[in-house]
Amino acid sequence: MAANVYASATDGGSGGDPAQTRSGTGVRTAGATIDCPDVGSELTSVPEQARGEVDKELALLDEQIAKAYQRLSESAQQVRQDSGFADNAIVNPLKDKRAATLERIAIAIDRVGDRPDGLGALAACTVRDSGNQAPAQAEGQDGNGGQEQGQDGQEQGDGQGQGGNGGQAGNGPVAADYAPITGVQPDAGSPRQGTKASRGSFATDCGVNENGLFNSDNIIAAPGVTNGAHHFHDYVGNQANNAFAGDQDLANAKTTCVDQGDKSSYYWPVLRLQNGTQEQDADSPGGGIEGNAGEIVTPKQVTLNFVGNPRGKVTAMPRLLRIITGDAKSFVNGPANANASWSCTGFEDRQLKDKYPLCPQGSDVVRTFTFQSCWDGRNIDSANHRTHVAFTDAAGNCPSGFRPIPQLVQRIVYDVDAPSLEDGGRTTPLFAVDSFPEQLHKPVTDHGDFINVFDEDLMREMTDCINAGRKCGAGAEAEPGDNPEEEPQEQPTKSPEAPQEQPTRTPEAPQEQPTRTLDAPQGGNTGAKPGDTGDGNGGKGDGNGEKGEAAKPPVTNKPAPEPEQDGSPTAAPRTDEPEVFATPTPEEGTANAGEQGGAKDDAGEDTDGLGQSQAVGTATSAAPTPSSPSRTEPQAVGAGGLADTGAQLWPAAAGAVLVIAGCVVLRRVRRG
């Protein structure tokens, strides 16, 4: 009995509270999060000379919040025992650190411009109820919120049913974060197109991140700062994506796009299965250390489609234009800038904004990012990365002073099953996007990022195509069935008869086949394997991505072949060197973006007649069949040394000895 009591008290290392189990990633479960004012969104005007220093200080604010959240989640027992612990040990020290950082921001701006007012009022943070607490449980009920990990069967998470604070790392997702897509009402539809609408479309095919290029940088919001995002991103297109890549690095980089004239950067938070898999970032910032744990899923498809404006013609995007859509901090900030859209194949006229979709059998999960399509005509970026671009109104009109540009519509499809919520994802794992730690993997935090590095000829071709009502681009003619206007109710892409029971991976599976680059050097992606998604990242089954197929021999580490220069079916080969521009001009009302801007002319404002086609072209990139055994291992494996293992096993051993001794005594008494 003593041994069992000790074992229960030490399971998870939280002083005997079974609701505060350790996740194996350094983050314990918690029923609260840190709520701080978003400083970046308030800084709408920062002089260009101060931008670099301000961006670094803003990234430091995010780091301070992440550390405070981790401290809070690890101190749940102290918080319950002492009502003032959170304020005295976490919130007040955080306020002091933020105040010092905000003062440095004010000084940096004051050196070259007008000192901002009111920054000091943004220093204070609060501890906020996360809404993830577990309801009271009857004795013997299992926790709902994590998977049994590794070989010792240690549970993660503390929730049950609809409210548990679950997820593999203990900070989400929870059952309440999911909703069946069949219960969602269809959308009203797009704005009615006017007589001057630009009805064409341009598709670009840049793959599905087969190369496995990941990092937790954010070149737009936190340039020059390692781990500026605090969560991992998938990258397609430009392969020089890291925090230290300058404009010339992006222009000179390789691209995964079929048309080599598109070196644009497209990136988004990775999707993970909460299945106990230990990725290569399990002990790294941005990964497991910050609560982003589990198997990274490679998309099944990625479509990148540029469409027109329902009220008029579009003008060319300026070169190096940066756009962020959605808000990575919207769980705390509120929905003002949120732009998440979740759905399922066959049901894409129904969209969820703040829930992950539960898709019917035979249907895949779909993330859609519809980017801002109005530009201020001058700037390729802004201090808060938002005010230089805007969305149209309900009728499709741009705000005053803004002009329409091609609208990027990004669609990402994942071959993942609806999780088993009744047992917390143990049968079929939960899935969630990476997030800042304090954002708890909420689906509303989903966001996408884009940097335009199209060469000018291809951008001109895009605008001409869209304005003329044609359907152009790499792969545009190859996938006519993907047009959502022609087929609003597309058919499921998987057979409903597909078996659900899948073979479980054995521990003896080879582990030495890493297929991903978690932090590529500035030159681009090293160690890439063309078409290699053999780690099971898009699949279904036991949560590790397999579909029951026999494992194929591991692929060799060959360099990716150079794409053809004439990859676009409509674009001529380009041999000119990419141009790079510097800073935007202050002139309004011109299509030029200045030295760092884009098109040198108003190609988008031509007088071409409108075409008759209203079709929207879509380029589809399908992930190859898995071709190599898993390189992952359960997260509990290797999480501690022999001393840790012994500390967990000796109570069970002692209990076994006591049971055997008791049996011997009873046997002797009975004989006597």
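Hydrogens, waters and symmetry mates play no part in the numbers below; they use all other heavy atoms, side chains included.
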Check against side chain to side chain donor-acceptor pair (under 3.5 Å), Lys353 and Ser341: CA-CA 5 Å; Lys353 301 299 183 181; Ser341 287; 2.5 Å; yes

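- Proximity of Glu210 to Val236: side-chain heavy atoms (C-beta onward) are nowhere separated by under 4.5 Å.
- Side-chain atoms of Gln301 and Asp364 form no donor-acceptor pair, as typed in the model, at a separation below 3.5 Å.
- At least one donor-acceptor pair under 3.5 Å links the side chain of Asn384 to the backbone N or O of Arg386.
- Take Trp268 and apply the ring-ring contact (aromatic ring centres under 6.0 Å, His included) test, not counting sequence neighbours, and it matches no residue.
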Evaluation steps, side chain to side chain donor-acceptor pair (under 3.5 Å), between Ser265 and Asn241: CA-CA 7 Å; Ser265 175; Asn241 288 288; 2.4 Å; yes

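- Here Ile65 contributes atom CD1 and Asp35 contributes atom CG; the two are 9.0 Å apart, rounded to the nearest 0.5 Å.
- For the pair Leu94 and Cys36, the tightest heavy-atom approach, listed with the atom from each and the gap, is CD2-SG, 3.8 Å.
- The closest donor-acceptor contact from the side chain of Thr325 to the backbone of Gly448 lies at 3.5 Å or more, if one exists at all.
- Looking at every heavy atom in both residues, Ile296 comes nearest to Glu279 through N-OE2, 2.8 Å.
- Interatomic distance, Gln439 CD to Asn333 CG, rounded to the nearest 0.5 Å: 6.5 Å.
- Note that CZ of Arg322 and CD1 of Ile220 are 6.5 Å apart. Values are rounded to the nearest 0.5 Å.
- With rounding to the nearest 0.5 Å, the separation of CD1 in Ile289 from NE2 in His230 is 12.0 Å.
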Derivation of the side-chain contact (heavy atoms from CB on, under 4.5 Å) call for Val127 and Val91: CA-CA 7 Å; Val127 174; Val91 176; 3.5 Å; yes

Worked check of side-chain contact (heavy atoms from CB on, under 4.5 Å) between Phe369 and Asp446: CA-CA 9 Å; Phe369 299 113; Asp446 202 14; 3.4 Å; yes

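- You'll find the side chain of Asp283 reaches within 4.5 Å of the side chain of Gln278, heavy atoms only.
- Checked by atom type and distance alone, the side chain of Arg98 never pairs as donor or acceptor with a backbone atom of Leu61 at under 3.5 Å.
- The backbone N or O of Phe347 sits nowhere less than 3.5 Å from a side-chain atom of Arg350 that would complete a donor-acceptor pair.
- When all heavy atoms of Asn292 and Ser435 are compared, the closest pair comes out as OD1-N, 3.1 Å.
- Thr445 places a side-chain N or O within donor-acceptor distance of the main-chain N or O of Lys442, the cut-off being under 3.5 Å.
- In terms of modelled atom types and a separation under 3.5 Å, the side chain of Thr345 and the main chain of Ser363 share no donor-acceptor contact.
- A distance-only check finds no donor-acceptor pair linking the side chain of Lys355 to the backbone of Pro180 [under 3.5 Å].
- In summary, the side chains of Asn211 and Tyr235 do not present any donor paired with an acceptor at a separation below 3.5 Å, with no hydrogens or angles considered.
- When side chains are defined from C-beta on, Gln410 does not count as touching Arg367, because their heavy atoms never get closer than 4.5 Å.
- Checking each of Asn218, Asp234, Asn238 against Tyr267 for a side-chain hydrogen bond (donor to acceptor under 3.5 Å, both in side chains) leaves exactly one that passes, namely Asn218.
- Listed here is the closest heavy atom pair of Cys344 and Val366: C-CG2, 3.9 Å.
- No side-chain heavy atom of Ser216 sits under 4.5 Å from any side-chain heavy atom of His233.
- Residues Arg128 and Val332 are in side-chain contact: their nearest non-hydrogen atoms beyond the backbone lie under 4.5 Å apart.
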Criterion side-chain contact (heavy atoms from CB on, under 4.5 Å) on Phe436 and Ile34, from CA distance to verdict: CA-CA 11 Å; Phe436 284 92; Ile34 298 292; over 6 Å; no

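- Checking Asp177, Thr427, Leu358 one by one against Pro419, the side chain to side chain contact (heavy atoms under 4.5 Å, CB included) holds for a single residue, Leu358.
- Look at Asp434 and Arg272 and you find a salt bridge, because one of the NZ, NE, NH1 or NH2 atoms lies within 4.0 Å of a carboxylate O, short of that distance.
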Verdict with reasoning, Leu430 to Leu421, per side-chain contact (heavy atoms from CB on, under 4.5 Å): CA-CA 8 Å; Leu430 307 173; Leu421 302 182; 3.9 Å; yes

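- For the pair Ser330 and Asn337, the minimum side-chain heavy-atom distance is 4.5 Å or more.
- Taking 4.5 Å as the limit, some side-chain heavy atom of Asn171 sits within range of a side-chain heavy atom of His441.
- A distance of 10.5 Å separates CZ of Phe431 from CD of Gln274, quoted to the nearest 0.5 Å.
- Using bins of under 30°, 30° to 60° and over 60° for the plane-to-plane angle, the ring pair Trp342/Tyr356 lands in the perpendicular bin.
- Relative orientation of the Phe232 and Phe214 rings is tilted, given thresholds of 30° and 60° on the angle between their planes.
- Counting heavy atoms from C-beta on, the side chains of Val416 and Val297 come closer than 4.5 Å.
- Shown here for Ala340 and Val444, the closest heavy-atom pair between the two residues is CB-O, 4.0 Å.
- A donor-acceptor contact closer than 3.5 angstrom is absent between the side chains of Asn215 and Asn242.
- Residue Ile451 holds its CD1 atom at 4.5 Å from CD1 of Ile219, rounded to the nearest 0.5 Å.
- Residue Asp281 comes nearest to Gly287 through the heavy atom pair OD2-CA, 3.3 Å, listed as atom of the first residue, atom of the second, then distance.
- Judged purely by atom type and a 3.5 angstrom limit, Asn227 has no side-chain atom pairing as donor or acceptor with the backbone of Ala229.
- For the pair Asn209 (side chain) and Leu213 (backbone), a donor-acceptor distance under 3.5 Å is present.
- Between Tyr266 and Phe450, the two ring planes are tilted [angle within 30° to 60°].
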